[in-house]
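Residue numbers start from 1 in every chain, and the chains themselves are labelled A, B, ... in the order their sequence lines are given, proteins ahead of strands. All figures in this text were calculated on a predicted structure; none of them were measured in a lab.
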Amino acid sequence: MADDGKATPEKKSWADVEEEEEAKAKAEAEAAADASSSAADAQAKQIEALSLSVPEEEEGGGGGGDEHGPPLLDDSDESQIQAVTSGGTVYESASAFEDLKLTQELLKGLHDEMGFSRPSKIQAVTLPMILTPPYKDLIAQAHNGSGKTTCFVLGMLSRVDPHRKVPQAICICPTRELAQQNKSVLTRMGKFTGITCACAIPPAQKDYVPISRMPSVTDQVVIGTSGTLIKWITHKKLATREIKILVFDEADHMLAEDGFRSDSERIMRDIQRSAGGCQVLLFSATFNDRVKDFVTKVIKDGNQIFVKKEDLTLEKVKQYKVLVPNERAKIDVIKDKIFEFGQKVGQVIIFVRTKQSTKDVHNALTLEDYVCSSIQGSLDQSEREKIIQEFKNGYTKVLISTDVLARGFDQAQVNLVINYDMPIKFGTRDEPDYEVYLHRIGRAGRFGRKGAVFNLLCGGTDNTVMRKIEDYFQHKVPEVRNWQSEEDFETALKDAGLVE
DNA sequence: AAAAAAT
């Protein structure tokens, strides 16, 4: 009966750089002139009650790999959110997938293949917005693990014509792993529709074929990373003429981060030119003020859903500080505490700051016969896939990773996250990367499950970073009193609900 | 002092 969290794969015209700077300056001016009616604020419908209400875990019985549906919405009034949005259109929140005029094939995929019974809150609110003509753009923020993937996957599956063998939907992701994961969700959900999906990521070396010899894409949906998508478009392997819907997963990152931003702009411009525009969906758990301001200027007339940053931390994922005297002690904590307790409870991801650190930590642990694996973006593609596969299979329990897996990676059994290094903004010493922090801890507690996070802090800088994070999210993080005490760790895991 | 994406 104490069987917890079996896989529920949640399952689930355009500004130039200069214009953005201009927009930023303008926004600041506006904000100064009239704080109460800045354009972004006025339009944003802050739906604050969007946090998922998840039933207590009540899964019984074993059953390998069988999947549960998403948590049911409460039968309270809360489940009936009415969002009045841009253009005055009123959308009725969907209390059942049946309310959405989906095809029988799609409903079958949702119920039979995915095991979903009813929409999660973010799904209930956004799906009508996505699926009701006129198809308006959407910027949607919702908590980690709350079911965003299903929103845009269902959006793409509903809007493409299965009978036309031509690309009609594109989804852009920040990492290859996320692209593959999203493709896998879409393929499962669309199992009975006949819709197919191509994954636009660089091939493993062994599968390499020159782009000139690659056949044109005939799949209705293409999900990929920005560089490869651009490559396919440039070489006329991916026609954008009939694209009806364009999705940015982890949109704050894709639209605001250097490198990604220009790629994203490029793809939007291509579609704008050849297809005359299409519905654009932006999804992420994080949109900081700066990015929110930017994206609301890029996607002007869309519907918007935002969550206050103070409401973003997941209640069921307990965070802790662990003060250690030196770097070496971090390894000891992993060995003596995390391997001791953590991997018995579920799977563990250890986040480090650099690629080199993944190797260092991995080696240090391997030297002492601890079994783990590590991943970072410089590994060969086939190696990356193998490591992910082994982790998703549950074959490996402890995975050391750079921020390549910080966003979107969905593995229900992960209920423990270790911040071996705290995330800091590039070029700074003690300025936290709040978004990365939130995404990392969101790897635990998928779909309302319980989880724990241990922040390993060594020295003044780490403490400063942690304190700023607490202030930012207005969330006090308790301390594990003694890093050497087994009891203290056990108590923490008990409080988190991970051990009896 | 950087993760990521890709040529």
| task | Take A/Phe454 and A/Phe489 through the test ring pair (Phe, Tyr, Trp, His ring centres under 6.0 Å) and record every step on the way to the result. | result | CA-CA 10 Å; A/Phe454 291 110; A/Phe489 275 89; 5.2 Å; yes

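- Across the protein-nucleic acid pair, A/Leu405 atom CG and B/dA2 atom P stand 19 Å apart, rounded to whole Å.
- When the nucleotides B/dA2, B/dA6, B/dA4 are ranked by their closest atom to the side chain of A/Thr175, B/dA4 comes out on top.
- Here the side chain of A/Phe426 is nearest to one of B/dA2, B/dA6, B/dA3, namely B/dA2.
- Using modelled atom types, one finds a donor on one side chain and an acceptor on the other under 3.5 Å when comparing A/His439 with A/Thr286.
- Side-chain N/O atoms of A/Lys231 include none lying less than 4.0 angstrom from OP1 or OP2 on B/dA5.
- Judged by atom type and distance alone, A/His253 reaches the base of B/dA3 through a side-chain donor-acceptor pair under 3.5 Å.
- Regarding contacts with the backbone of B/dA4, every side-chain N or O of A/Arg176 stays at 4.0 angstrom or more from both OP1 and OP2.
- Rounded to an integer number of Å, the gap from A/Ile267 CD1 to B/dA6 C1' is 12 Å.
- Atom OG of A/Ser382 sits about 13.0 Å away from atom CD of A/Gln389, to the nearest 0.5 Å.
- Atoms CZ (A/Arg261) and P (B/dA4) sit 20 Å apart, rounded to a whole Å.
- Taking the ring axis of A/Tyr370 as reference, the NZ or CZ atom of A/Lys335 does not stay both within 45° of it and closer than 6.0 Å to the ring centre.
- Between A/Thr228 and B/dA5 there is no side-chain polar atom (N or O) within less than 4.0 angstrom of OP1 or OP2.
- Computed from coordinates, the A/Gln376 CD to B/dA5 P distance equals 10 Å when rounded to whole Å.
- As rounded to whole Å, 15 Å separates atom C1' of B/dA5 from atom CD of A/Glu265.
- Checking A/Gln181 against A/Lys392 by side-chain atom types alone, a donor-acceptor pair falls below 3.5 Å.
- Distances shorter than 4.0 Å separate some side-chain N or O of A/Arg384 from OP1 or OP2 on B/dA5.
- Rounded to whole Å, atom P of B/dA5 lies 13 Å from atom CG of A/Leu229.
- Here B/dA5 presents its C1' atom at 14 Å from CD of A/Gln180, a figure rounded to the nearest Å.
- Counting to the nearest Å, the P atom of B/dA1 and the CD atom of A/Gln356 are 15 Å from each other.
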